[in-house]
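One structure is given here, and the rest of the page talks about it.
Lettering of chains follows the sequences in order, A, B, ..., and the numbering in each one begins at 1. Only this structure's heavy atoms are used, side chains among them; waters, hydrogens and symmetry mates stay out.
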Amino acid sequence: MPELPEVETVRRGLARLIVGRTVRSAKEFDSPKSFPNAPADVTQFLVGAKVIQVRRRAKVLLIELSSKYTLVIHLKMTGQLVWVDRDPQTKSSGTASRLTSLEHASGSDRAADVPDNLSEAPDRFGAGHPNDSLIGELPDRSTRVMIEFTDDSKLFFNDQRKFGWMRLMPTAEVVNLDFFKKVGPEPLEDVFTADQFVSRIRHRNGTTVKAAILDQTVLAGVGNIYADESLWGAKIHPATRVKDVSDKQLAKLLKEIKYVMNLAIEKGGSTNKNYVNAEGKRGSYMDFARVFRREGQECPRHPGVLIEKIRVAGRGTHICPACQVE
DNA sequence: CACTTGACCTGTCCGC
DNA sequence: TGCGGACAGGTCAAGT
């Protein structure tokens with residue numbers, strides 16, 4: 001799925017595209033799997049409601065409605081939230097300009113925290129053209145929910161693997177979800193310090209450092225791509241036990257997590273395969289990735305040394321055997 | 001309790 | 001070309 005930078009990119013797009021719009025109807029294509037709310041709830045709290053704001057916590061999107069209900073959405077591996085204007089033919093020309101800045105979310109434009117030795121991301125050319133659309137005519141076979149607004153524009157929840165979910169619930173009850181009770185701090189918030197990170201990750205001293213940063217209760221938002229990218233940045237082998245990583249190395253690791261996530265947000269996220277933003281466009285971080293899905297290519301720090309793919313924490317894992325020694 | 005593995009699904013790619 | 005198996009950005013539940 002989308003990891004934190006991808007979900008944040010979708011959030012920013014939705015904040016621009018759907019805030020202020022009013023829901024006319026909602027249709028679920030594979031009831032009740034994706035959207036199991038009772039039809040009566042949908043009628044009462046979704047239809048007729050206006051979108052107030054779009055928030056994010058960890059990898060979860062929260063679309064707040066004027067009905068005091070919120071759509072809570074987790075995209076998991078292949079989920080997409082795509083907004084389509086009412087007339088697809090004018091999509092490219094009309095979409096962005098027609099929608100003036102309804103809201104700019106706070107803290108959006110913080111500068112990337114760039115470690116000095118990594119001030120330039122390797123700009124090897126990847127396959128992705130940042131604005132390529134991966135979306136054809138919607139709905140398609142992966143569409144699970146379609147929400148139509150009163151201006152005839154539509155929001156599609158597509159999800160090929162059907163791991164994702166969408167729930168309509170009272171806004172006041174969102175904080176009581178088990179996931180939100182357990183999930184760790186937001187890594188990009190300034191109040192989350194290296195000391196806190198070290199203290200939290202030390203509770204996972206017995207496992208590998210990669211498993212620990214993928215653990216959403218340690219910190220929120222790291223997934224497989226940014227785990228590999230940040231561990232390479234910090235020159236830590238992913239299979240190293242947390243107890244064998246020094247506080248200083250862990251502080252460096254957090255700095256790298258912040259760096260890759262900020263860079264990824266700047267690049268509109270990573271499109272490995274399915275991910276698209278709220279306008280159906282891919283992200284370009286993969287063009288800047290140093291190790292993720294680059295097995296067989298040279299390490300940017302070690303010309304002649306090839307990146308390897310191994311398995312750590314049950315996940316495909318990319319390392320430079322020269323800089324990341326267990 | 002801490003940690004690891006399988007399950008959830010569909011699609012794609014790779015080797016035989 | 002067809003078929004089986006492995007694998008894919010996440011998170012739970014069940015197992016050790």
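- Residue pairs that meet the salt bridge (Lys or Arg N to Asp or Glu O under 4.0 Å) test with at least one member in residues 210-221 of chain A, sequence neighbours left out, are R204(A)-D215(A), K210(A)-D228(A).
- A donor-acceptor contact under 3.5 angstrom links the side-chain atoms of N274(A) to the base of dG9(C).
- Rounded to the nearest Å, the gap between the P atom of dT5(B) and that of dC7(C) is 14 Å.
- Summarising the geometry, the separation between CD1 on I310(A) and C1' on dC7(C) is reported as 16 Å, rounded to the nearest angstrom.
- Only the P atoms considered, dC3(B) is 23 Å distant from dG9(C), to the nearest whole Å.
- Taking atom CG of residue D228(A) and atom C1' of nucleotide dC7(C), one finds them 15 Å apart after rounding to whole Å.
- Among the protein residues, R311(A) comes within range of the sugar-phosphate backbone only, with heavy atoms under 4.0 Å from sugar or phosphate atoms but none that close to a base.
- Which of dG10(C), dT11(C), dT12(B) sits closest to the side chain of K273(A) comes down to dT12(B).
- Straight-line distance from the CD atom of Q216(A) to the C1' atom of dC12(C): 13 Å, rounded to whole Å.
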| message | Output the pairing pattern of DNA chain C as a dot-bracket string, 5' first, Watson-Crick or G-U wobble with both distances under 3.5 Å, | for cross-strand pairs, [ ] for crossing pairs. | response | .|||||||.|||||||
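- The nearest whole Å value for the distance from the NZ atom in K243(A) to the P atom in dA2(B) is 15 Å.
- Across all strands, S142(A) comes closer than 4.0 Å to no nucleic acid atom at all (heavy-atom distances).
- Within 4.0 Å (heavy atoms only), N224(A) reaches sugar-phosphate atoms of the nucleic acid but no base atom.
- Residue ring and base: F163(A) counts as stacked with dG10(C) (centre distance below 5.5 Å, interplanar angle below 30°).
- Taking the six-membered ring for Trp and the full ring otherwise, F29(A) and F157(A) have centroids separated by 6.0 Å or more.
- Pairs engaging residues 304-319 of chain A under the salt bridge (Lys or Arg N to Asp or Glu O under 4.0 Å) rule: none recorded [sequence neighbours left out].
- You'll find that the side chain of K309(A) is closest to dC7(C), out of dG9(C), dC7(C), dC12(C).
- Looking only at atom types and distance, the side chain of Y285(A) has no donor-acceptor partner in the side chain of T271(A) under 3.5 Å away.
- At a cut-off of 3.5 Å, with distance as the only test, no side-chain donor of D85(A) or S153(A) sits close to an acceptor on the other residue.
- Across dT4(B), dG9(C), dT10(B), the shortest atom-to-atom separation from the side chain of R241(A) is found for dT4(B).
- Residues in residues 206-225 of chain A take part in no ring-ring contact (aromatic ring centres under 6.0 Å, His included) pair, two or more places apart or across chains.
- OP1 and OP2 of dT11(C) both lie 4.0 Å or more from every side-chain N or O belonging to R315(A).
- Pairs passing the salt bridge (Lys or Arg N to Asp or Glu O under 4.0 Å) check and including a residue from residues 62-75 of chain A, sequence neighbours excluded, read R55(A)-E64(A).
- Residue-level contact check: F292(A) touches the backbone only, with heavy atoms under 4.0 Å from sugar-phosphate atoms and none from bases.
- With E148(A) as the fixed residue, the side chain to side chain donor-acceptor pair (under 3.5 Å) test singles out one of R21(A), K27(A), R86(A), R24(A): R24(A).
- Contact record, A58(A) with V183(A): CB-CG2, 3.8 Å, taken as the closest heavy-atom pair.
- Between the side chains of N158(A) and R144(A), no donor N or O sits under 3.5 Å from an acceptor N or O.
- Within residues 199-207 of chain A, no residue has any heavy atom closer than 4.0 Å to DNA chain C.
- Under 4.0 angstrom from either OP1 or OP2 of dG10(C) there lies at least one side-chain N or O belonging to K59(A).
- In this model, the phosphate group of dC9(B) is not approached by any side-chain N or O of Q160(A) to a distance below 4.0 Å at OP1 or OP2.
- Here G223(A) lies in heavy-atom contact (under 4.0 Å) with sugar-phosphate atoms only.
- In this structure, the CD1 atom of I73(A) is 18 Å from the P atom of dG10(C), given to the nearest Å.
- Distance M77(A) CE to dA6(C) C1': 13 Å, rounded to the nearest Å.
- D159(A) places its CG atom 16 Å from the P atom of dC8(B), with the value rounded to the nearest Å.
- A sub-4.0 Å separation between OP1 or OP2 of dG11(B) and a side-chain N or O of R141(A) is present.
- Atom-to-atom distance recorded for L46(A):CG and T70(A):OG1 is 11.0 Å, nearest 0.5 angstrom.
- Look at the P atom in both dT11(C) and dG11(B): the space between them is 22 Å, to the nearest Å.
- Rounded to an integer number of Å, the gap from R293(A) CZ to dT12(B) C1' is 11 Å.
- Taking the side chain of R161(A) as heavy atoms from C-beta on, and the options dG9(C), dC12(C), dA8(C), the nearest nucleotide is dA8(C).
- Residues K182(A) and T317(A) each lie close to DNA chain C; by heavy-atom proximity, the contact nearer the 5' end of the strand is made by T317(A).
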